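These notes concern the structure reproduced below.
Quick caveat: nothing in here was measured; it's all calculated off a predicted structure.
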Amino acid sequence: MQKDLENRFLLDFEENQNIVHKICSIYTTNKDAHNDLFQEITIQVWKNYLKFRGDSKFSTWMYRVALNTAISLYRKSTRKVKTQDFSTFAYKIESTPYDDTEEIQLKALYAAIHRLNDIEKALIFLYLEDKPYKEISETLGITNVNARVKMNRAKEKLKNILNP
């Protein structure tokens, strides 16, 4: 019984989902908000699907549920927004320039790690996670001494990649 209901819902919804997309486009301004509203409307249509009696076409009923959902969410969002004039406290905010040095270094490190082989990547990952050599060797199924040797080689390889 439940499976039949789900199948009917999926068929009805898929045939008419453009309705939801149109409403989402009207009530949202970006893709994330569009997707959030689409998901919320889908949930509401599913929750109320048993209440659909068939007095009207499914598409008409779906328009009503979708619009009511969008409007109620829009009203909730406009009630929550409290604004303050920025000029009254802007002088208190100190602007500091963004330092992306660490971000650049991390990107370079990840790019270098991508150039390692699979075992070396695993070794470096576990090392960066502060795992002891005993745990690294157990995880990779190699001896403790072998883990240390491979780690030193991987570190050396990373140094050469980062500082050619």
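- Residues passing the ring pair (Phe, Tyr, Trp, His ring centres under 6.0 Å) test with Phe9, sequence neighbours excluded: Phe13, Trp46, Tyr49.
- A distance of 11.0 Å separates CZ in Arg8 from CD in Glu6, rounded to the nearest 0.5 Å.
- Counting heavy atoms from C-beta outward, Leu128 and Ile113 have side chains that approach closer than 4.5 Å.
- Hydrophobic clustering (ILVMFWY, side-chain heavy atoms < 4.5 Å, transitive): Leu162 and Phe125 are in one cluster.
- A donor-acceptor contact shorter than 3.5 Å links the side chain of Asn7 to the backbone of Lys3.
- No more than 12 heavy atoms of other residues, nucleotides or ligands sit less than 6.0 Å from atom NZ of Lys107.
- Leu11 and Val45 fall into different hydrophobic clusters, defined by Ile, Leu, Val, Met, Phe, Trp and Tyr side-chain heavy atoms under 4.5 Å apart, directly or through other members.
- Placement of Tyr127 and Ile119 within a single hydrophobic cluster is found when ILVMFWY residues are connected by side-chain heavy-atom separations under 4.5 Å, directly or transitively.
- Residues forming a side chain to side chain contact (heavy atoms under 4.5 Å, CB included) with Ala66 (at least two apart in sequence, or on another chain): Ile23, Ile41.
- When hydrophobic clusters are built by joining Ile, Leu, Val, Met, Phe, Trp and Tyr residues whose side-chain heavy atoms come closer than 4.5 Å, directly or via intermediates, Val65 is grouped together with Ile71.
- With rounding to the nearest 0.5 Å, the separation of NZ in Lys47 from OG1 in Thr69 is 9.5 Å.
- A heavy-atom distance below 4.5 Å is found between the side chains of Asn35 and Lys31.
- With rounding to the nearest 0.5 angstrom, the CD1 atom of Ile104 is 3.5 Å from the CG atom of Asp100.
- Using cut-offs of 30° and 60° for the angle between ring planes, the Trp61 and Phe58 rings count as tilted.
- In Tyr133, the OH atom is crowded: over 12 heavy atoms of neighbouring residues, nucleotides or ligands sit closer than 6.0 Å.
- Note: the hydrophobic cluster containing Phe38 does not contain Ile43 (ILVMFWY, side chain heavy atoms under 4.5 Å, direct or indirect links).
- With sequence neighbours excluded, no residue forms a salt bridge (charged side-chain N to carboxylate O under 4.0 Å, His left out) with Glu15.
- Residues Lys57 and Met62 are not in side-chain contact: their nearest non-hydrogen atoms beyond the backbone lie 4.5 Å or more apart.
- Residues Thr143 and Ser137 have side chains not in contact (no heavy-atom distance under 4.5 Å, counting atoms from C-beta outward).
- In this structure, CG on Leu140 lies 12.5 Å from NZ on Lys131, to the nearest 0.5 angstrom.
- Sequence neighbours left out, the pairs with a member in residues 150-164 that pass salt bridge (Lys or Arg N to Asp or Glu O under 4.0 Å) are Glu120-Lys157.
- Atom CG in Leu106 sits 11.0 Å away from atom OG1 in Thr101 (nearest 0.5 Å).
- With sequence neighbours left out, Lys134 forms a side chain to side chain contact (heavy atoms under 4.5 Å, CB included) with Glu138, Asn144.
- A donor-acceptor pair under 3.5 Å is absent between the side-chain atoms of Asn48 and the main chain of Lys51, judged by distance alone.
- Looking at residues two or more places apart in sequence or on another chain, you find no salt bridge (charged side-chain N to carboxylate O under 4.0 Å, His left out) involving Glu102.
- Heavy-atom minimum distance, Ala154 versus Ile124: CB-CD1, 4.0 Å.
- The distance from atom CG of Leu109 to atom CG of Leu158, rounded to the nearest 0.5 Å, is 6.5 Å.
- Taking both residues in full, the closest heavy atoms of Asn16 and Ser59 are given as OD1-CB, 3.4 Å, listed atom of the first, atom of the second, then distance.
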